Engineer: 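My questions all concern the structure below.
Just so you know, these numbers use all the heavy atoms, side chains as well, and skip hydrogens, waters and symmetry mates. Letters go in sequence order (proteins before strands), and every chain restarts at 1. All figures in this text were calculated on a predicted structure; none of them were measured in a lab.
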Amino acid sequence: MTASRPAERPAPGDEPDVLAAARGLLGAVLHGHGVSVRLTEVEAYAGPDDPASHAYRRTPRSETMFGPAGRLYLYRSYGIHLCANVVTGEPEEGQAVLLRAGEVVAGHDLARARRGGVDDVRLARGPGNLCSALGLVPADLGADLEQDPPPRLEPGTPVDPARVLSGPRVGVSLAADRPWRFWLAGEPTVSAYRRSPRAAAPGSASDPVSRR
DNA sequence: ACGATGATGCACT
DNA sequence: GTGCATCATCGTT
């Protein structure tokens with residue numbers, strides 16, 4: 001072996017761009033089909049260096065993640081639910097932010113109808129429920145969120161950084177300790193944390209890249 | 001062609 | 001807290 005440097009591991013302060021992008025999406029408003037949601041909880045997914053990301057391997061499904069920023073990446077979870085991401089970073093990087101939860105700020109009646117009359121704070125709690133409330137459909141895959149017709153993303157007023165909390169991503173079995181989930185403190189719309197049963201024990205060194 | 005696996009949600013104890 | 005429906009996707013055969 002050569003006298004080269006050790007394997008790269010992100011140094012503190014050298015975090016992937018997608019983390020800042022994720023924090024920046026908190027408070028933004030996503031206008032769906034007749035319903036608008038202010039984002040309160042998101043998760044960052046990096047490219048081929050993130051084992052939990054759909055972009056860990058480039059496949060037909062994840063192709064949108066390798067495209068330009070500001071596009072909508074939709075995927076089907078458990079064969080049933082749609083989940084929405086905003087592509088960030090440069091093309092080929094494969095970075096995106098999963099939209100996990102939000103507060104309905106417009107179109108309440110339509111959102112309630114779509115969600116079967118659950119309590120308002122649950123209208124867009126959880127990535128599948130958020131898509132359902134917004135009325136997103138598979139045809140919205142790849143939509144340019146900066147263009148006029150919905151779905152469209154409206155930058156929110158900046159949030160107080162002290163209100164942004166972080167923790168591990170929900171339900172991922174790999175890189176399960178990376179604290180790449182971000183949410184706004186005190187928001188009742190934020191979903192509950194649930195660790196994947198397949199994830200290594202918290203803090204385990206057997207997890208590919210455990211913590212930062 | 002086949003089997004395993006979920007970036008979930010909801011019912012249930 | 002736990003169990004599981006349900007099916008697109010992807011790696012393997």
Engineer: Give one of base, sugar-phosphate or nothing for A:Arg169, where a contact means two heavy atoms less than 4.0 Å apart.
Structural biologist: nothing

Engineer: Can you tell which of A:Asp119, A:Asp120, A:Val121 makes a side chain to side chain contact (heavy atoms under 4.5 Å, CB included) with A:Pro188?
Structural biologist: A:Val121

Engineer: Drop me the distance from A:Leu174's CG to A:Ser53's OG, to the nearest 0.5 angstrom.
Structural biologist: 11.5 Å

Engineer: Have a look at A:Asn129 and say if it touches a base, only the backbone sugar-phosphate, or nothing, with a 4.0 Å heavy-atom cut-off.
Structural biologist: sugar-phosphate

Engineer: Does atom CZ (A:Arg76) have a neighbourhood of more than 12 heavy atoms from anything else shown, all under 6.0 Å?
Structural biologist: yes

Engineer: Is it true that a side-chain atom of A:Asn85 and a backbone atom of A:Val87 form a donor plus acceptor pair closer than 3.5 Å?
Structural biologist: no

Engineer: Under 4.0 Å from OP1 or OP2 of B:dA7: is there any side-chain N or O of A:Arg181 that close?
Structural biologist: no

Engineer: Where do A:Val137 and A:Leu74 come nearest, in terms of heavy atoms and distance?
Structural biologist: O-CD1, 3.3 Å

Engineer: Round to the nearest Å and state the distance from A:Arg58 atom CZ to C:dT9 atom P.
Structural biologist: 17 Å

Engineer: How many whole angstroms separate atom CZ of A:Arg122 from atom P of B:dT8?
Structural biologist: 16 Å

Engineer: Between B:dT8, B:dG6, C:dC10, which nucleotide has the shortest distance from any of its atoms to the side chain of A:Arg198?
Structural biologist: B:dG6

Engineer: So how far is it from A:Phe66 CZ to A:Gln95 CD, rounded to the nearest 0.5 Å?
Structural biologist: 10.0 Å

Engineer: Measure the distance from CG on A:Leu82 to P on C:dT9 and round it to the nearest whole Å.
Structural biologist: 11 Å

Engineer: Convert the base pairs of DNA chain C into dot-bracket notation, remembering that pairs crossing earlier ones are written with [ ] and that bases paired across to another strand are shown as |; include only Watson-Crick or G-U pairs under 3.5 Å.
Structural biologist: |||||.||||||.

Engineer: Please check this pair: side chain of A:Arg152 against backbone of A:Gln147, looking for a donor-acceptor N/O pair closer than 3.5 Å.
Structural biologist: no

Engineer: As an exercise, state the distance from CZ of A:Arg115 to CZ of A:Arg122, rounded to the nearest 0.5 Å.
Structural biologist: 9.0 Å

Engineer: Report, one line per pair, each donor and acceptor closer than 3.5 Å where one atom sits in a side chain of residues 31-44 of chain A; sequence neighbours left out.
Structural biologist:
from	atom 1	to	atom 2	distance (Å)
A:His31	ND1	A:Ser36	OG	2.6
A:His31	NE2	A:Glu154	OE1	2.6
A:His33	NE2	A:Asp140	OD1	3.2
A:His33	NE2	A:Asp140	OD2	2.8
A:Arg38	NH1	A:Glu103	OE1	2.9
A:Arg38	NH1	A:Glu187	OE2	3.4
A:Arg38	NH2	A:Glu187	OE2	3.3
A:Thr40	OG1	A:Ala101	O	3.4
A:Thr40	OG1	A:Thr189	OG1	2.9
A:Glu41	OE1	A:Ser191	N	2.8
A:Glu41	OE1	A:Ser191	OG	2.8
A:Glu41	OE2	A:Arg100	NE	2.9
A:Glu41	OE2	A:Arg181	NE	2.7
A:Glu41	OE2	A:Arg181	NH2	2.9
A:Glu41	OE2	A:Ser191	OG	2.9
A:Glu43	OE1	A:Tyr45	OH	2.7
A:Glu43	OE2	A:Val170	N	2.7

Engineer: B:dA7 P sits how many Å from A:Arg125 CZ, rounded?
Structural biologist: 21 Å

Engineer: Grab the CZ-C1' distance between A:Arg195 and C:dG1 for me, whole Å please.
Structural biologist: 17 Å

Engineer: Using atom OH of A:Tyr193 as one end and atom P of B:dA7 as the other, report the distance to the nearest whole Å.
Structural biologist: 14 Å

Engineer: CE of A:Met65 versus P of C:dT9: gap in Å, rounded?
Structural biologist: 16 Å

Engineer: Starting at atom CZ of A:Arg57, determine the distance to atom P of B:dG6, rounded to an integer number of angstrom.
Structural biologist: 12 Å

Engineer: So which protein N/O to nucleotides 4-7 of chain C N/O distances come out below 3.5 Å?
Structural biologist:
none

Engineer: Between B:dC10, C:dC10, B:dA7, spot the one nearest the side chain of A:Arg115, thanks.
Structural biologist: B:dC10

